[in-house]
Structures are given as structure tokens and as C-alpha cells.
Amino acid sequence: MRDMNAPDLTIGVIGAGAMGTGIAQVAATGGITVRMFDTRDGAAAASCESIAKRLAKRAGEGKMPQEEADAASARLQPAATLQDMADCAVVVEAIVEDLDIKQALFADLESIVAEDAILASNTSSLPIGAIAATLDKQDRIAGLHFFNPVPVMKLVEVIRGPQTTDAVMDALVALGKRLGRTPVVVKDAPGFLVNFGGRAYTTEALAILHENVATPAQIDAVMRDGFGFRMGPFELMDLTGMDVNFPVTRFVHESSFGDPRLRSTPLHRYMVETGQLGRKSGQGFFAYGEGAQVPSADTTSDAAPAAAVFVHGDAPELGALATECGANLLDADDGKAPILAAPVGEDSTAYAARNGIDHRRLVCIDMVPDTSRRVTLMTAPGADEGVRASVVSLLATQRAVTAIADSPGFIGQRISAMVANLGCEMAQIGLASPSDIDLAMRLGLNYPKGPLELADALGADVVHTILTQAQALSGDDRYRPSQWLRRRATLGLPAQQM
Ligand SMILES: NC(=O)c1ccc[n+]([C@@H]2O[C@H](COP(=O)([O-])OP(=O)(O)OC[C@H]3O[C@@H](n4cnc5c(N)ncnc54)[C@H](O)[C@@H]3O)[C@@H](O)[C@H]2O)c1
């Protein structure tokens with residue numbers, strides 16, 4: 001195995017598309033000589049030129065020294081044939097996502113490169129083991145999965161195939177670091193880490209929309225304001241494009257033999273079928289283009305704010321919120337005033353029935369998210385409209401209010417619990433270490449917290465309660481807690497505990 005930190009290191013990049021170009025750029029700026037090959041005439045040279053232009057622009061803007069930009073550009077070498085890969089220490093493949101074509105390329109490379117050279121694939125969905133399966137020497141094949149755009153996205157997943165040696169894995173981790181990335185070692189499983197773990201955020205949002213609980217704008221606002229996500233799930237899907245996120249979602253679901261945790265909704269497919277792809281087509285869950293406006297997520301009311309409320313159950317923070325908004329707290333239910341409660345995992349209907357409360361005057365508030373900017377409230381079917389409106393007016397004096405239909409776990413509890421649970425499941429199946437799962441999800445998807453960190457911020461027991469309640473009330477095994485989570489919640493341990 002060659003030293004990945006050697007000053008004269010040369011690597012090959014096959015495929016001069018979006019990914020190959022990005023990989024070549026970070027390699028060249030990492031001081032590595034890069035041979036680029038593409039079957040499309042002139043593509044490799046064009047890619048090298050586009051990188052040189054990009055680096056010159058960065059230097060012009062003062063973002064990197066001119067000499068560094070010039071030196072990096074000089075390290076880029078378009079290759080005329082695959083034979084030019086003969087002296088490369090590593091060849092990274094970033095060609096079309098097709099198993100047969102990738103296998104044929106690696107078979108050709110096997111006969112060209114040196115005995116100690118490493119062959120790596122940037123595939124986003126094909127098993128590394130399947131790519132390696134037809135090769136003579138399978139212990140030097142691994143996945144090196146970058147994210148788009150490569151120069152911006154710091155994460156690289158290093159994926160071990162069935163026969164990949166430790167030395168190859170170590171070398172690729174070292175190479176990843178030299179490319180300025182943060183490498184995370186991941187198991188060879190469908191979607192690897194980030195494309196698998198990224199499902200719950202959007203699929204649970206789609207489930208909430210499917211049940212007519214809330215609108216895309218409301219769901220997005222709750223996840224931004226209540227949990228610090230930079231983008232709501234629907235803005236995110238519109239940005240990546242339905243033609244990208246629907247196939248990945250379907251692939252991960254099918255590869256997991258239809259695990260209901262990973263299930264999407266008919267609307268997701270319909271968006272693709274009707275060309276509502278998101279930003280790129282001008283219309284997705286939201287409209288884009290001139291004059292387009294994001295619908296408001298805020299519920300308002302002209303009703304007089306409730307002057308007095310009764311807070312049911314042990315919910316001091318809810319009481320404090322009602323007081324801050326100007327309501328008097330009653331010591332007991334007076335049979336007239338709104339009854340406020342903060343259920344965890346239950347909907348208003350189940351909460352009212354279990355506690356023998358008048359469901360018409362019950363208004364449930366989600367106290368699990370950060371409520372300093374926005375609060376979500378919900379009521380049971382048959383709720384008194386006047387009572388609901390008076391509580392909306394009350395809370396709107398101090399917060400943005402999002403009023404939704406009855407739902408076990410509101411919006412925020414449901415989505416955050418599903419994200420945390422999928423993180424726990426990734427730890428359970430050994431996809432990567434708990435700390436690497438969190439790191440990868442923060443870097444790969446810009447999550448404010450990794451899924452296990454999120455579970456611990458909410459409390460592993462709280463997440464477990466949300467899920468078991470949602471599973472019991474919906475009858476849907478989509479909400480079944482990961483055994484990883486159940487054990488830690490039962491023992492009072494953090495979700496990050498090994
Ligand atoms: N685009 C992404 O967001 C992304 C992210 C991670 C991984 N990936 C994976 O990276 C790979 C490349 O994706 P991309 O988006 O850069 O694709 P792309 O279509 O932009 O580029 C692919 C390039 O490969 C070339 N090519 C095709 N067959 C070839 C062959 N046999 N030999 C040499 N060159 C060949 C094509 O001419 C093209 O220039 C795929 O496996 C994809 O799944 C893509």
C-alpha cells in the first residue's frame with residue numbers, strides 16, 4: 001500500500017461529470033497529481049479547465065493564494081486512455097450509476113494498475129460487494145462516497161466491501177483527510193449512511209401531510225423554529241428535486257424489504273409523475289418564480305384571548321407559557337375555561353379519553369420542541385371553535401402559532417422521534433459508530449444535531465414514549481422503536497451509549 005501522504009502521490013479519477021470534477025478539484029488542492037479520464041471526447045480536458053477556472057476565481061476573490069491555485073491546476077492531467085492510470089496509487093470511479101458498466105470498467109482497470117493500487121467507487125447506491133464480485137482481486141476495492149458539491153461538502157463515506165482489507169480502509173481514510181474531507185467508515189448497506197439516515201425527516205413529513213394534519217409550510221416552520229433545522233423537509237425536497245429524492249427513498253425502502261419505517265406516500269410519487277420536481281421545474285410543494293410566495297405557517301384569530309386557562313397534568317412549562325401570554329391559571333377545571341395539556345406521543349383524542357377530560361375544551365400544546373419562537377397546538381374532533389380561537393389569540397400575543405389537526409405526536413415530536421429512531425437503528429445494525437452516525441448526518445445533511453444527539457437532547461425515554469404511543473394509536477409498525485433505543489430508554493442511559 002502506498003503512502004497517501006507522499007508528496008508525489010498520483011491518483012486517477014474516472015468520469016469527468018459533476019462528481020468526478022469535484023473529486024479531482026479537492027485532490028489537486030490537496031497536493032495530489034490527478035489523471036482524469038472520461039469516455040466522452042474532450043470531457044476530461046473540459047473538466048480540468050473548469051476546475052482551473054474555478055480555482056483562479058477563488059484566488060481572484062482572495063479565497064486562496066494565487067500560487068496555490070496555479071500549482072493545483074498544474075496537477076490536473078486529462079488522460080487520453082485508461083492505460084494512463086497505470087502508475088496511480090488509487091483510482092476513484094465516478095461514472096454512470098450502472099452495475100454492468102462499473103464492473104466492466106473495474107475489470108479493465110485491474111489489468112492496468114499496479115498490484116498495490118486501490119480501486120474505489122463513488123457509487124451512491126450500488127453495493128460495493130456487487131461491484132467487486134466479478135473481479136480477480138477483491139480485497140483492494142472499497143467505496144469512497146462523496147457528496148455534491150464535493151468542494152463544499154466535507155463528508156466522505158469510506159465503505160468496506162466483503163473482502164476489503166484494513167490497510168485499504170486505512171489508506172482511504174488517510175486519502176479522504178488529505179482531500180480536506182472528514183472520512184466516516186460505513187458498512188456496505190443500502191444507501192450507506194447518509195442516504196439511509198436521511199429518510200425519516202422527509203418521509204414522516206410526507207406522512208403528516210398525507211393525513212391532512214398540517215400543510216407543508218406549517219411542517220417546515222415547526223422543524224426550523226422548533227428544532228433548528230436550516231430547511232424544512234418540504235423546502236429540502238424541493239431543493240434536491242423529486243426526481244432525485246423519490247428514487248432514493250424508494251430504493252432504500254425496497255432494499256429494506258419494505259420496512260414501514262422507510263415508507264413514503266403516494267403524493268411523493270405523484271409529484272414526480274406530474275413533473276412537480278421542485279425548484280428546477282418551478283413548482284414542487286411550493287411555487288417558484290416571479291411573484292411566488294411561501295404560504296404562511298401562522299394561525300391567527302380575531303377572538304379575544306383566553307383570560308383564564310386550566311393546565312391539566314404535570315406541565316409547569318406550559319403553565320409558564322400561558323402566564324407569559326397573559327392568562328390566569330385556574331387551580332381546577334371550572335367547566336368553562338380552556339383546558340391546556342402537553343401530551344407526549346398521544347393525540348388530543350387519546351389524551352382526553354385517558355384522563356376523562358371534556359375534549360371540546362381541550363387544547364393540546366407541543367412542549368417538546370423549542371417553544372421560544374413558535375408553538376404548535378391541536379384539538380380533538382368536535383372541539384369548541386371558540387375555545388380553540390381564544391387559545392390561538394392568547395399564544396399569538398407572544399409566539400407564532402401553528403394550529404394543526406389531531407395527531408399522535410403533533411408535527412415536531414413525530415418527525416424528531418422518527419429521525420432519532422432511525423439513527424438508533426443505524427447504530428443497532430452497526431452501520432457506523434454512534435459518534436460517526438451523528439457526525440455524518442451533521443456534515444452530510446446539515447442537521448443541527450446528529451440523530452442520537454437529538455434523541456439525547458429530547459431524552460431517550462421521551463423519544464421512546466412518543467414512538468410507542470404513536471405505534472399503539474396508529475397501529476402502524478412504522479413507529480416501532482429501535483431495540484437500541486428501547487434498551488437505553490429502559491435503563492435510563494443516553495442514546496449515544498455504546
Ligand atoms: N450527483 C450526485 O449528487 C452524486 C452524489 C454522490 C455519488 N454520485 C455517484 O457518482 C457517480 C457519477 O455521478 P455524476 O453525478 O458525476 O454523473 P455525471 O453524469 O455528471 O457524470 C458521469 C460521467 O461519467 C462518464 N462516463 C460514463 N461511462 C463511462 C465509462 N465507462 N468510462 C469513463 N467515463 C464514463 C460520462 O461521460 C460522464 O461524464 C454515480 O455513480 C453517482 O451515483 C452522484
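Both counts, for ligands and for their atoms, begin at 1 and track the order of listing. Every value quoted in this text rests on a predicted model; they were computed, and no experiment measured them.
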Glu93-ligand 1 polar pair, N/O distance under 3.5 Å: no
Thr21 and Ser47 side chains, donor-acceptor separation under 3.5 Å: yes
Just need the protein heavy atom nearest to atom 22 (C) of ligand 1, so name the residue and atom and give the distance. Ala94 O, 3.8 Å
Could you tell me whether Lys53 atom NZ has more than 12 heavy atoms of other residues or ligands within 6.0 Å of it? no
Does any N or O of ligand 1 fall below 3.5 Å from an N or O anywhere on Leu105, backbone included? no
Can a side-chain donor-acceptor contact be found between Glu97 and Ser125 if the only test is distance below 3.5 angstrom? yes
If you define the side chain from C-beta out and look only at heavy atoms, does anything of Ser416 sit under 4.5 Å from Leu454? yes
What protein heavy atom is closest to atom 6 (C) of ligand 1, reported as residue, atom name and distance in Å? Phe146 O, 3.2 Å
Going by a strict under-4.0 Å cutoff (protein heavy atoms only), does atom 37 (O) of ligand 1 have a neighbour on the protein? yes
Under the salt bridge (Lys or Arg N to Asp or Glu O under 4.0 Å) test, residues paired with Arg75 that sit two or more places apart: none
Tell me whether the count of non-hydrogen atoms from other residues, nucleotides or ligands lying under 6.0 Å of CZ in Arg373 goes above 12. yes
One finds that the ligand 1 atoms under 4.0 Å from a non-hydrogen atom of Lys102 are 40 (C), 41 (O)
Record the part of Ile101 in heavy-atom contact with ligand 1 below 4.0 Å; permitted values are side chain, backbone, both and neither. side chain
Taking both backbone and side-chain atoms of Phe147, is any N or O found less than 3.5 Å from an N or O belonging to ligand 1? no
Mark up the atoms of ligand 1 that fall under 4.0 Å of a heavy atom belonging to His145, in ascending order. 6 (C), 7 (C)
Quick one: nearest non-hydrogen protein atom to atom 21 (O) of ligand 1, plus distance? Gly17 CA, 3.2 Å
Atom 2 (C) of ligand 1: the protein heavy-atom neighbour that sits closest, reported with distance to 0.1 Å: Met19 SD, 3.7 Å
Ionic contact status for Arg35 with Asp87, cut-off 4.0 Å: yes
Numbered atoms and elements of ligand 1 in range of Gly15, under 4.0 angstrom, heavy atoms: 24 (O)
Looking only at protein heavy atoms, which one is nearest to atom 41 (O) of ligand 1, and what is the separation? Glu97 OE1, 2.5 Å
So, regarding Thr123 and ligand 1 (criterion: nitrogen or oxygen to nitrogen or oxygen, under 3.5 Å), is there a contact or not? no
Judging by distance only, is a nitrogen or oxygen of Asn122 under 3.5 angstrom from one on ligand 1? yes
Could you check whether Asp8 pairs with Arg2 (Lys NZ or Arg NE/NH1/NH2 to Asp/Glu carboxylate O, under 4.0 Å)? no
Examine the proximity of ligand 1 to Ile14 and report which part, side chain or backbone, both or neither, has a heavy atom under 4.0 Å away. side chain
Heavy atom of the protein closest to atom 3 (O) of ligand 1 (residue, atom name, distance): Asn148 CB, 3.3 Å
Are any of the side-chain nitrogens in Arg199 or Glu204 under 4.0 Å away from the carboxylate oxygens of its partner? no
Is Lys57 salt-bridged to Glu61, cutoff N-O under 4.0 Å? yes
Does Ser264 offer a backbone N or O that forms a donor-acceptor pair with the side chain of Thr203 under 3.5 Å? no
Out of Ala43, Gly22, Ala18, Gly20, whose heavy atom sits nearest atom 20 (O) of ligand 1? Ala18
Over 12 non-hydrogen atoms of neighbours within 6.0 angstrom of CG in Asp477: yes
Note: ligand 1 atoms sitting under 4.0 Å from heavy atoms of Ser124 are 7 (C), 8 (N), 9 (C), 42 (C), 43 (O)
Heavy atom to atom 25 (C) of ligand 1, shortest distance: which of Thr39, Asp38, Ile95 holds it? Asp38
